[in-house]
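Let me begin by presenting the structure, written as structure tokens, before commenting on it.
All ligand and atom numbering here is 1-based and tracks the order in the structure.
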Amino acid sequence: MTSLNPATTQFLSAQPLKLFVGGKWIEAQSGKTFETLDPGEGRVLAKVSAGDSADVDAAVAAAQEAFRKSGWATMPVNDRAVILHRLADLITKHQEILAQIESLDVGKPRGQAAAFDVPHAAQTLRYYADLAVHTRRREPIAVSGFDVRTLRVPYGVCGFIFPWNFPFLLIGWGVAPALAAGNTVVIKPAEDTPLSTLYFAKLAEEAGVPPGVINVVTGFGETAGAALARHPGLKRMSFTGSPEIGRLIAEACGRNLVPVKLELGGKGAAVVFDDVNVDAVAESLAAAVTLNAGQVCCTATRWLVHEKIRDAFVKKVVATLGAMKIGYGADPETNLGPVVSEKQRTRVLGYLDKGVKGGATLLLEGGRAEVKGHERGYYVKPALLTGDPGNVCAREEIFGPVAFLMPFNDEDKVIELVNSSPYGLANSVWSGNLERANRVAEKLVAGNSWINAHNLFAHGIPYGGCNLSGCGGGVLGPDTLSDYLRNQTVARPLA
Ligand code: NAI
Ligand code: MG
């Protein structure tokens, strides 16, 4: 059940795993290491080099040099696309190994990593490689008396700090457009989940990405992350994680006048009208709130259900959530893996406690789950609360398999309720009446409104947030490539 590909075992055995800087695998200059855990077992999975500001300096210097000298930024765009497609091919070839690594390090079901996280990252890489080939790099502008053209050129070194919920997928979403545009990158993965990023670097090396174009500095947020965010050598910065840290990143970048893209949290709503197939919607929302053990920034955690179908919905959703198979990520039966850490489990359970103390009622109890044979893992049962919109569990991001149900009976009021959240990442509207669904979808203030679905991702569909959920243009859309190209206008007066 838990057997690993020999390549996975070999990758994990070369401890401590090293930083990837300027095309070389090196230990942190301080010699320090840290441990990443397997959250399904609550045990150490691997020792990893703990980079800090000295290593970040070296990585940024390597990326600057590669930008100037490796030819990556200046090669014909088709040649760059060939290399990125080769990298995508390698990701596909190593899909099983990557899914094993991701499942071990994050806790997520191995099957989900293999079916979604890994292939989706490869597809995103292909999408931006192709888009770059078809993007105009030189736009003549008609101005009487002048010869004018605007060039679209890469910026230089782009920094990326990623969270632990979708480490590999987010590399694809974040780094692919930057690379396709001709930039070089320094990546700081989350300390809880550094492994698949290191494997990505290994594949990039094999694909022939020139040394220094992709650099990975593993380490902690306050050391490696902060050093990267404030580095004056960056030309762009991108961060995915909590709003609190997002503010710190934006402050540091502001000081250096480095443009920043922030993808932060969410408190997504699902608005369910009374003309739906209740059982089908209940199943979809049960799946949405338990996806990745609920550690999904855009997932549906506020369920606004029309009062006429409320009881039938609750009956079905409680039965569906209660029947979920909680288990170890490598077990093919598992629907719901552990959360990423003891810290995250404490946070989720703490929210349930605070919610109930604040007057909410539990429709499904939730709490700690014990998985036989994996007693030390960080498992949590799904929970469903109901109560007042002011309850802490209805307002704040919990990041666990917990939903908050509120009945409604008025379209305008439900829109107002959804929009009262300080977040603005993604919501969904469920109705058989498409006119109504479209009307409501357009009035919900967020980066994304989905209709009769939640968690809808495809490269080409822009994804991003507003308000507390982020700023700077989002990811996955065709415009994201332009975010990594700066304009340079060349003009000459005609005699
Ligand atoms: P976090 O925001 O602290 O971590 C995200 C990344 O930022 C990690 O790579 C971390 O090393 C880095 N980081 C931390 N402190 C930093 C600093 N001072 N300077 C630079 N980089 C720094 O998220 P955390 O603590 O792991 O999770 C806390 C909560 O944040 C979660 O419970 C969840 O609600 C939310 N979150 C949201 C995510 C999203 O996708 N929107 C992803 C992860 C967490
Ligand atoms: Mg881990």
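Against a heavy-atom cut-off of under 4.0 Å, I161 is close to the following atoms of ligand 1: 6 (C), 7 (O), 9 (O), 12 (C), 20 (C), 21 (N). Near K343, with a cut-off below 4.0 Å to any heavy atom, the atoms of ligand 1 are 25 (O). Close approach of ligand 1 to A226 (heavy-atom distance below 4.0 Å) involves ligand atoms 19 (N), 20 (C). Atoms of ligand 1 found under 4.0 Å from any heavy atom of G225 (numbered from 1 in listed order, with element): 19 (N), 20 (C), 21 (N). Less than 4.0 angstrom separates some heavy atom of G241 from each of these atoms of ligand 1: 2 (O), 37 (C), 38 (C), 39 (C), 41 (N), 42 (C). Here is the list of ligand 1 atoms found below 4.0 Å of a heavy atom in F162: 6 (C), 8 (C), 9 (O). Taking every heavy atom of C297 and a limit of under 4.0 angstrom, the matching atoms of ligand 1 come to 39 (C), 40 (O), 41 (N). Distances below 4.0 Å separate heavy atoms of E397 from the following atoms of ligand 1: 33 (C), 34 (O), 35 (C), 37 (C).
The shortest N or O to N or O distance between F239 and ligand 1 is not under 3.5 Å. Residue D192 has no nitrogen or oxygen atom sitting less than 3.5 Å from a nitrogen or oxygen atom of ligand 1, judged on distance alone. The distance criterion of under 3.5 Å between nitrogen or oxygen atoms is not met by E222 with respect to ligand 1. Between L264 and ligand 1, at least one pair of N/O atoms sits closer than 3.5 Å.
Judged by the shortest distance from any of its heavy atoms, F166 lies outside the 4.0 Å radius around the atoms of ligand 1. Using a 4.0 Å heavy-atom cutoff, G265 is listed among the residues neighbouring ligand 1.
Of all protein heavy atoms, the one closest to atom 10 (C) of ligand 1 is E191 OE1, 3.5 Å. For atom 32 (O) of ligand 1, the closest heavy atom belonging to the protein is R347 NE, 2.8 Å. With hydrogens left out, the protein atom closest to atom 30 (O) of ligand 1 is S242 CB, 3.1 Å, a heavy atom. At the shortest separation from atom 14 (C) of ligand 1 among protein heavy atoms lies G221 CA, 3.6 Å. Of the protein's non-hydrogen atoms, P163 CB, 3.4 Å is the one closest to atom 43 (C) of ligand 1. L248 CD1, 3.8 Å is the protein heavy atom nearest to atom 18 (N) of ligand 1. Looking only at protein heavy atoms, the nearest one to atom 44 (C) of ligand 1 is F399 CE2, 3.8 Å.
The neighbour count for R347 CZ, taken as heavy atoms of other residues, nucleotides or ligands under 6.0 Å away, is above 12. The 12-atom threshold is exceeded at CD of Q15, counting heavy atoms of other residues, nucleotides or ligands nearer than 6.0 Å. Shown here is R43, whose CZ atom has more than 12 heavy atoms of other residues, nucleotides or ligands within 6.0 Å. For NZ of K47, the number of neighbouring non-hydrogen atoms (other residues, nucleotides, ligands) closer than 6.0 Å is 12 at most.
Looking only at its N/O/S atoms, D192 has O as the one nearest to the Mg ion (ligand 2).
Between L384 and V289 there is no side-chain heavy-atom pair separated by less than 4.5 Å. Residues W25 and K202 are in side-chain contact: their nearest non-hydrogen atoms beyond the backbone lie under 4.5 Å apart. No side-chain heavy atom of F168 sits under 4.5 Å from any side-chain heavy atom of H120. Within the 4.5 Å cutoff, the side chain of E41 has heavy atoms near those of the Y328 side chain. Within the 4.5 Å cutoff, no side-chain heavy atoms of Q344 are placed close to those of Y378. Side-chain contact between F160 and I171 is absent, with no heavy-atom pair separated by less than 4.5 Å. Side-chain contact between F200 and F20: absent, with no pair of heavy atoms (C-beta onward) separated by less than 4.5 Å. The closest side-chain heavy-atom distance from C297 to Y423 is not below 4.5 Å.
Using a 3.5 Å distance cut-off with no hydrogens or angles, the side chains of T320 and E283 do not pair a donor with an acceptor.
Neither the backbone nor the side chain of E244 has a heavy atom within less than 4.0 Å of ligand 1.
The angle subtended at the Mg ion (ligand 2) by O of L37 and O of D105 is 90°, given to the nearest 10°.
Of the candidates I187, I245, T240, N165, the one placing a heavy atom closest to atom 5 (C) of ligand 1 is T240. When F160, W164, Y423, Y351 are checked for heavy-atom proximity to atom 24 (P) of ligand 1, W164 turns out nearest.
We find that K32 and D52 are not joined by a salt bridge, their nearest charged nitrogen and carboxylate oxygen being 4.0 Å or further apart.
Taking 2.8 Å as the threshold, T36 counts as a candidate ligand of the Mg ion (ligand 2), since one of its N, O or S atoms lies below it.
Put simply, atom 7 (O) of ligand 1 has protein non-hydrogen atoms near it, under 4.0 Å away.
For N448 (side chain) and G464 (main-chain N/O), a donor-acceptor pair under 3.5 Å exists by modelled atom type. Side-chain atoms of Y379 come within 3.5 Å of backbone N or O of G40 as a donor-acceptor pair.
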